Every structure is written in C-alpha cells, then in structure tokens.
Amino acid sequence: MATLKEQLWDPVAGFGVTFRTMFRKVVTEQYPEQKEPTAPRFHGRHQLNRWPDGLEKCVGCELCAWACPADAIYVEGASNTEDDRFSPGERYGRVYQINYLRCILCGLCIEACPTRALTMTNEYELADNNRADLIYEKQDLLAPLLPGMEQPPHPMRLGADEGDYYRGTLRRQDPQEPQGGTES
C-alpha cells in the first residue's frame with residue numbers, strides 16, 4: 001500500500017522541473033544562418049596536408065588506418081618514381097579514404113601520423129542525405145593548393161640538397177656566424 005507521501009508529494013515533485021523551466025526565457029539558436037565558432041582544439045573533418053611546394057605529406061605508411069579503432073580509414077600506398085613524384089618519400093598514398101559513417105572523430109589517426117600529414121579541421125557539417133557521399137576520397141581530403149604551390153606530380157623543389165627540407169635537416173644559418181664558418 002502506498003504511503004501518503006508517495007500519493008501526494010511525489011507527483012508534485014516530479015513536475016517541479018517542468019514548472020521551473022516553464023517560466024525561463026527561451027534560447028533560440030540561429031544555427032544555419034549564424035554559426036558559432038568552435039573551440040580551437042575541436043576535432044572536425046580530416047585534412048591531408050601539403051608541403052609548401054605542393055607535394056603531399058602523406059607517405060602511404062598506413063599507420064593512421066592501423067590506429068583507427070572504428071576501421072574508418074583505408075590507405076593504399078604506391079611507390080614514387082622520378083617522373084611521377086607525389087610526396088618526398090619513397091611512397092605516397094595512392095588511395096586514401098575516410099568513411100565518416102564509421103569515424104568517431106577521436107583523433108587517434110592524427111597521433112599516429114609520423115609526417116603530420118593528417119590533421120583535423122574545425123569543420124563540423126558532415127551530414128548528408130546520401131551514404132556514398134560520406135566516404136571521403138583523397139581529392140576531398142587534400143588541402144587546397146595555395147599560391148606558389150604546384151599540382152603534383154613534380155620533382156622535389158625545396159632544400160639545397162635532395163630532401164633536406166623534407167627530412168627536417170635543413171638548418172637556418174645564424175646571422176652572427178660568418179659566411180665561411182668559424183675561423184681558427
């Protein structure tokens with residue numbers, strides 16, 4: 001048998017939340033017209049980055065695909081040749097796909113990338129009415145060419161010695177140091 005408290009007080013207390021929110025001012029989001037900025041470290045759509053000369057940073061190592069817990073990334077590497085060079089390494093990502101139907105935007109692929117080729121942008125509008133359009137191909141993920149960049153394939157253009165810029169061994173000369181090095 002129900003007590004007096006259960007019969008009278010519990011229904012009134014349950015409606016307390018409803019009564020409290022009935023008199024608050026309504027907050028209306030103007031989402032499609034006015035987009036709010038995201039947090040600086042927001043994990044949104046992926047982007048495949050390029051070197052300043054336009055070559056792709058992705059070397060087709062497939063570490064991002066191995067690190068993905070949702071198995072949303074598919075990478076197929078191929079070898080560069082002197083005539084067809086897409087990245088400064090021996091290989092490049094010939095096929096690169098991210099399935100946003102599976103992706104959980106966790107960022108583990110970003111951490112696994114040894115060349116910082118894959119980053120995440122602040123773009124969050126990934127909805128679509130067609131499932132096939134949510135599988136992003138390499139051309140959808142590549143960063144746009146900026147002024148001064150050349151569409152690959154082309155030979156490496158950065159660094160005095162072959163690959164110094166790309167390997168990170170190119171050093172800036174100290175302005176205090178004489179041109180001929182140190183004299184003894």
Side-chain angles (χ1 to χ4, degrees), residues 35 37-68 70-128 130-175 177 179:
K35 297 177 184 168
T38 59
R41 294 180 56 156
F42 177 78
H43 285 185
R45 187 183 68 82
H46 296 79
Q47 174 175 295
L48 285 171
N49 297 312
R50 298 176 183 266
W51 289 102
D53 65 352
L55 288 178
E56 302 163 8
K57 285 189 173 183
C58 179
V59 293
C61 66
E62 303 178 22
L63 288 175
C64 54
W66 284 98
C68 182
D71 199 24
I73 301 175
Y74 175 72
V75 180
E76 199 175 284
S79 296
N80 279 314
T81 63
E82 290 306 316
D83 297 331
D84 287 337
R85 179 165 293 282
F86 291 91
S87 74
E90 293 177 11
R91 295 170 47 88
Y92 71 99
R94 187 176 65 79
V95 176
Y96 201 102
Q97 295 176 342
I98 297 181
N99 185 345
Y100 281 105
L101 297 167
R102 299 182 117 202
C103 181
I104 58 174
L105 302 171
C106 64
L108 291 175
C109 53
I110 306 304
E111 301 299 325
C113 184
T115 61
R116 300 296 298 158
L118 190 63
T119 54
M120 294 179 98
T121 65
N122 285 346
E123 187 180 330
Y124 55 87
E125 294 178 323
L126 296 172
D128 209 319
N130 183 359
R131 294 175 63 86
D133 291 341
L134 290 171
I135 299 173
Y136 281 51
E137 302 285 337
K138 182 178 174 180
Q139 64 269 15
D140 304 325
L141 297 167
L142 270 172
L145 288 169
L146 299 175
M149 290 183 173
E150 184 182 342
Q151 179 71 38
H154 62 77
M156 293 187 283
R157 308 235 190 268
L158 302 175
D161 190 11
E162 182 182 322
D164 282 347
Y165 183 88
Y166 304 104
R167 284 190 221 111
T169 58
L170 184 68
R171 291 187 8 209
R172 291 178 55 177
Q173 194 171 21
D174 188 10
E177 186 180 315
Q179 287 290 345

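This chain uses plain numbering: 1 for the first residue, then up along the sequence. Everything quoted here is computed from the prediction, not taken from an experiment.
To the nearest 0.5 Å, atom OH of residue Y74 and atom CD1 of residue I98 are 14.5 Å apart. The NE2 atom of H43 sits 9.0 Å away from the CG atom of L105 when rounded to the nearest 0.5 Å. Taking CG from L63 and SG from C58, the interatomic distance works out to 10.0 Å, rounded to the nearest 0.5 Å.
Y124 is linked by a side-chain hydrogen bond (donor to acceptor under 3.5 Å, both in side chains) to nothing, counting only residues two or more places apart in sequence or in another chain. For the ring pair (Phe, Tyr, Trp, His ring centres under 6.0 Å) test, residues two or more places apart in sequence or in another chain that qualify with Y100 are H46, Y136. Judged as a side-chain hydrogen bond (donor to acceptor under 3.5 Å, both in side chains), and not counting sequence neighbours, the contacts of R45 are E123. Looking at residues two or more places apart in sequence or on another chain, you find no ring pair (Phe, Tyr, Trp, His ring centres under 6.0 Å) involving Y96.
A donor-acceptor pair is defined here as one N or O able to donate and one able to accept, closer than 3.5 Å; such a pair exists between the side chain of R102 and the backbone of D71. The closest donor-acceptor contact from the side chain of N80 to the backbone of S87 lies under 3.5 Å.
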Please list, one pair per line, the donor and acceptor atoms closer than 3.5 Å that link side chains of residues 140-153 to other protein atoms, with sequence neighbours excluded.
| unit_1 | atom_1 | unit_2 | atom_2 | d |
| --- | --- | --- | --- | --- |
| D140 | OD2 | E137 | N | 3.1 |
| E150 | OE1 | R157 | NE | 2.9 |
| E150 | OE1 | R157 | NH2 | 2.9 |
| E150 | OE2 | R157 | NH2 | 3.0 |

Between side-chain atoms of residues 106-120 and protein atoms elsewhere (two or more places apart, or another chain), which donor-acceptor pairs fall under 3.5 Å?
| unit_1 | atom_1 | unit_2 | atom_2 | d |
| --- | --- | --- | --- | --- |
| T115 | OG1 | K57 | O | 3.1 |
| T119 | OG1 | N49 | ND2 | 3.1 |

Audit row: H154, L55, side chain to side chain contact (heavy atoms under 4.5 Å, CB included) steps and yes/no:
CA-CA 8 Å; H154 62 77; L55 288 178; 3.7 Å; yes

Determine whether L48 and E56 satisfy the following criterion, side chain to side chain contact (heavy atoms under 4.5 Å, CB included), listing intermediate values before the conclusion.
CA-CA 8 Å; L48 285 171; E56 302 163 8; over 6 Å; no

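Residue-environment remark: CD (E90) stays at or below the threshold of 12 foreign heavy atoms within 6.0 Å.
Looking at L101 and R131, their side chains come closer than 4.5 Å, going by heavy atoms from C-beta outward.
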